[in-house]
Amino acid sequence: MSELTLLLIRLAFLAVLWFFVIAAVGVIRTDLFGSRAGAPIPPRKAPKAVKPVAKPRKGEPRQMVVTGGPLQGTTITLSETPITIGRATDATLVVSDDYASSRHARLFPQDGQWIVEDLGSTNGTYLDRSKVTRPTPVPLGVPIRIGKTVIELRK
């Protein structure tokens with residue numbers, strides 16, 4: 001092989017290596033800080049009419065309790081508002097856990113029950129011992145695991 005061919009192969013290898021490093025840094029930055037500040041914000045749906053706060057029916061959960069992890073003992077009263085969980089500062093439950101994504105999961109009420117949804121997290125959300133791959137109803141007392149944090153819905 002000529003000297004020129006070897007030089008071109010070395011430069012191509014170096015370019016691919018730098019591309020990989022830049023891509024890896026971009027993924028880590030997005031996971032730590034969320035999407036880019038200049039990224040367009042998707043349009044929001046029109047707000048629904050505000051309903052009067054209804055008293056939870058018998059058998060429905062009234063609070064979310066953190067039963068394991070650094071925030072153990074934290075309680076959030078459930079209302080009609082969705083609960084977001086993650087490392088982002090605007091999350092309802094901010095978890096400082098290396099295994100949690102910025103916007104990891106959300107809990108929301110639907111048809112009289114609470115639903116857990118993974119928001120494309122890196123390490124997944126688990127309901128009992130099953131990985132959540134689609135919005136799934138959460139029974140009372142069944143643990144939801146996000147990294148080292150364990151959450152349960154209770155009366």
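Bear in mind that the values here come from a model prediction, so they are computed numbers and not experimental data.
Contact between Val94 and Arg87 at its shortest, heavy atoms only, is CG1-O, 3.9 Å. Residue Ser79 comes nearest to Pro109 through the heavy atom pair O-CG, 4.1 Å, listed as atom of the first residue, atom of the second, then distance. Nearest heavy atoms, Tyr99 versus Gly147: CB-CA, 3.7 Å.
Neither Val95 nor Tyr126 shares a network with the other; the hydrophobic side chains, linked directly or stepwise wherever heavy atoms of I, L, V, M, F, W or Y lie under 4.5 Å apart, form separate groups for each. Leu153 and Leu71 fall within a single hydrophobic cluster, where Ile, Leu, Val, Met, Phe, Trp and Tyr side chains are chained together by heavy-atom contacts under 4.5 Å. Hydrophobic clustering, with ILVMFWY side chains joined whenever heavy atoms are under 4.5 angstrom apart, keeps Leu7 apart from Phe13.
Taken to the nearest 0.5 Å, the CG atom of Leu4 stands 10.0 Å off from the CD1 atom of Ile9. Rounding to the nearest 0.5 Å gives a distance of 12.5 Å between CG of Leu107 and OG1 of Thr81. Ile151 contributes atom CD1, which lies 8.5 Å from atom CD1 of Ile83 (distance to the nearest 0.5 angstrom). Atom-to-atom distance recorded for Arg154:CZ and Gln63:CD is 7.5 Å, nearest 0.5 angstrom.
Counting only distance, with no hydrogens or angles, the side chain of Thr84 and the backbone of Thr92 share a donor-acceptor pair below 3.5 Å. Between the side chain of Ser102 and the backbone N or O of Ala88, no donor-acceptor pair lies under 3.5 Å. Checked by atom type and distance alone, the side chain of Gln72 never pairs as donor or acceptor with a backbone atom of Val66 at under 3.5 Å.
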Would you mind writing out the side-chain donor-acceptor pairs for residues 127-146 within the sub-3.5 Å range, not counting sequence neighbours?
{"from": "Thr136", "atom 1": "OG1", "to": "Arg134", "atom 2": "O", "distance (Å)": "2.7"}

For Asp118 and His104, run side chain to side chain contact (heavy atoms under 4.5 Å, CB included): C-alpha distance rounded to whole Å, both residues' side-chain angles, the deciding distance at 0.1 Å, then the answer.
-> CA-CA 6 Å; Asp118 186 81; His104 195 99; 4.0 Å; yes
Criterion side chain to side chain contact (heavy atoms under 4.5 Å, CB included) on Leu78 and Arg62, from CA distance to verdict | CA-CA 5 Å; Leu78 300 176; Arg62 295 185 179 152; 5.9 Å; no
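Applying the salt bridge (Lys or Arg N to Asp or Glu O under 4.0 Å) test to every pair with at least one member in residues 90-102, sequence neighbours left out, gives these pairs: Asp90-Arg103.
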